[in-house]
Amino acid sequence: MSQLRFERMYPPKPAPNGAPLWALFLGGELVISAATQGLLENTAGVAFDSAQGLLIGTIGEQPVYTLDIAADTVLPAEYALISMRDLLASGPVQLASIADYAIQLLRWMQQSGFCAVCGQPMTLADGWGKRCAACGHLAYPPASPAIIVLIHDEQNRVLLTTKGGWNARYSLVAGFVEPGETFEECVAREVREEVGVEVKDIRYLKSQSWPFPHQVMVGFLARYAGGEIVIDTTELSDARWFTADAFPDLPPPYAISRQIIEHWRASLAETAS
């Protein structure tokens, strides 16, 4: 894929004159060039109405469009499909970022046809916002913030959790931010609700877009402050303390949960050296 940076664009800005690039989705998977493993430029052999494409940005002088194509579309041999999870796991960072942005905008366009207040049709307003002509309600593509936190104690242990369907895999406490709540307040509440302990020294580490369907995962570290583990059995099936040399199965490397765990493990090694 081009080394030029992707720049976002917002309606009603016109497209530049370069050859268009396409982020086409088929059944929730991105259609890519089998040869370049990148966005499509030559779309010969794929039947779709290009006039319905959303202009989402540019790479150099090339406009980038996105579109959901019909589920029964037969792709030529020179194209391939890649899932969002595979893109996040091993795809080029810029391609994954474009696909993340594109699929969330497509989902927004598909799900925002009618006003949530009065049920009348919505039309594009400011940027990707939509306004109801009947009542004036204005809405924008959703981004749902959620915290995820690594809890560690004075014995260099980490509190990990698991739930039904995860098999032997354990991860971090996570949950959605509620109205009227800061990220730090959410960390303390989610930890208390899910595993029954208290935390202190809550510190932001990093974040990650998570397009399943439209989350922003905000990652923290927090120090154990007291209490016994008592799990919320509606959310979890187990929670326990682990040392860095005896971790269970962990999430894949592309997930922010694993990245936070590896950051903590590396900081332990650095302190010990």
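The residues of the chain are indexed from 1 along the displayed sequence. These numbers come from a predicted model, not from an experiment. Excluded from the calculations below are hydrogen atoms, water molecules and symmetry mates; all remaining heavy atoms, backbone and side chain alike, are included.
Applying the side chain to side chain donor-acceptor pair (under 3.5 Å) definition to pairs two or more places apart or across chains, none involves residues 9-23.
Annotation: side chain of Tyr170 is in contact with side chain of Asp238 (closest heavy-atom distance under 4.5 Å). Considering only heavy atoms from C-beta on, Leu88 comes within 4.5 Å of Pro211 through its side chain. Contact annotation: the side chain of His214 never approaches that of Trp108 to less than 4.5 Å [non-hydrogen atoms, C-beta and beyond]. Residues Trp241 and Ile151 have side chains in contact (heavy-atom distance under 4.5 Å, counting atoms from C-beta outward). With contacts defined as side-chain heavy-atom distances shorter than 4.5 Å, the pair Phe176/Gln215 qualifies. In this structure, Leu30 and Leu81 have side chains that are not in contact, with every pair of non-hydrogen atoms separated by 4.5 Å or more. Counting heavy atoms from C-beta on, the side chains of Pro248 and Leu160 come closer than 4.5 Å. Counting heavy atoms from C-beta outward, Asp126 and Arg131 have side chains that approach closer than 4.5 Å.
Under the 6.0 Å cut-off for aromatic ring centres, Phe183 and Tyr204 do not qualify, their centroids lying 6.0 Å or more apart.
Interatomic distance, CD1 of Ile32 versus CG of Leu39, reported as 9.5 Å (0.5 Å rounding). One finds the CZ atom of Arg240 at 11.5 Å from the OG1 atom of Thr161 (value rounded to the nearest 0.5 Å). Distance SG/Cys132 to CE/Met122: 6.5 Å, rounded to 0.5 Å. Taking CG from Asn156 and CZ from Phe242, the interatomic distance works out to 16.0 Å, rounded to the nearest 0.5 Å. Distance CG/Asp68 to CD/Gln52: 10.5 Å, rounded to 0.5 Å. Between atom NE2 of residue His263 and atom CG of residue Leu221 there is a gap of 5.5 Å, rounded to the nearest 0.5 Å.
Glu181 contributes a side-chain N or O that, together with a main-chain N or O of Glu178, makes up a donor-acceptor pair within less than 3.5 Å. At distances below 3.5 Å, at least one donor-acceptor pair connects side-chain atoms of Gln208 with backbone N or O atoms of Tyr254. Looking at Ser33, its side chain does come within 3.5 Å of a backbone N or O of Thr36 through a donor-acceptor pair. Side-chain atoms of Gln62 come within 3.5 Å of backbone N or O of Ala19 as a donor-acceptor pair. The closest donor-acceptor contact from the side chain of Glu154 to the backbone of Arg223 lies at 3.5 Å or more, if one exists at all. Ser97 places no side-chain N or O within donor-acceptor distance of the main-chain N or O of Val93, the cut-off being under 3.5 Å. Checking side-chain atoms of Asp232 against main-chain N and O of Thr234 turns up a donor-acceptor pair under 3.5 Å.
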Begin with the C-alpha distance, continue with both residues' side-chain angles, and end with the deciding distance and a verdict on side chain to side chain contact (heavy atoms under 4.5 Å, CB included) for Leu172 and Ile256. CA-CA 10 Å; Leu172 307 180; Ile256 188 173; over 6 Å; no
Leu159/Val195 under side chain to side chain contact (heavy atoms under 4.5 Å, CB included): CA gap, chis, key distance, verdict: CA-CA 9 Å; Leu159 201 164; Val195 293; 4.0 Å; yes
Go through the steps for Leu24 and Phe48 under the test side chain to side chain contact (heavy atoms under 4.5 Å, CB included), then give the verdict. CA-CA 10 Å; Leu24 298 181; Phe48 65 96; 3.9 Å; yes
Residue pair Ile56, Phe6: steps toward the side chain to side chain contact (heavy atoms under 4.5 Å, CB included) verdict: CA-CA 10 Å; Ile56 62 172; Phe6 172 74; 4.2 Å; yes
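The environment of Arg203 atom CZ is sparse: at most 12 non-hydrogen atoms of other residues, nucleotides or ligands sit within 6.0 angstrom. Taking a 6.0 Å sphere around CD of Glu228, one finds it holds 12 or fewer heavy atoms contributed by other residues, nucleotides or ligands. More than 12 heavy atoms of other residues, nucleotides or ligands lie within 6.0 Å of CD in Glu185, so this atom counts as buried by the packing criterion.
When every heavy atom of Leu75 is checked against every heavy atom of Tyr79, the shortest pair comes out as CB-CB, 4.4 Å. The nearest pair of heavy atoms linking Ala77 to Ala34 is O-CB, 4.4 Å. A pairwise comparison of heavy atoms in Cys186 and Val177 identifies SG-CA, 3.7 Å as the closest pair. Among all heavy-atom pairs drawn from Ser83 and Glu29, the shortest one is CB-OE2, 3.6 Å. Heavy atoms only, all atoms of each residue included: Pro63 and Leu55 are closest at CB-CD1, 3.7 Å. Scanning both residues, Glu194 and Ala174, for their nearest heavy atoms gives OE2-O, 3.0 Å.
Hydrophobic clustering of Ile, Leu, Val, Met, Phe, Trp and Tyr side chains at less than 4.5 Å, counting indirect connections, keeps Ile103 apart from Leu40. Hydrophobic clustering places Val64 together with Trp128 (ILVMFWY residues linked when any side-chain heavy atoms are closer than 4.5 Å, directly or through intermediates). Both Val149 and Val197 are part of a single hydrophobic cluster, where members link through side-chain heavy atoms under 4.5 Å apart. Met9 and Ile59 are not part of a single hydrophobic cluster, where members link through side-chain heavy atoms under 4.5 Å apart. Taking hydrophobic clusters as Ile, Leu, Val, Met, Phe, Trp and Tyr residues chained together by side-chain heavy-atom distances below 4.5 Å, Leu268 shares a cluster with Ile261.
Both the sub-6.0 Å distance and the 45° axial angle are satisfied by Arg85 relative to the ring of Phe212.
Shown here are the salt bridge (Lys or Arg N to Asp or Glu O under 4.0 Å) partners of Glu270, two or more places apart in sequence or in another chain: there are none. Qualifying salt bridge (Lys or Arg N to Asp or Glu O under 4.0 Å) partners for Arg157, counting only residues two or more places apart in sequence or in other chains: Asp153.
Under a 4.0 Å N-O distance rule, the pair Arg258/Glu262 qualifies as a salt bridge. Using a 4.0 Å cut-off between a side-chain N of Lys or Arg and a carboxylate O of Asp or Glu, Glu198 and Lys200 do not qualify as a salt bridge.
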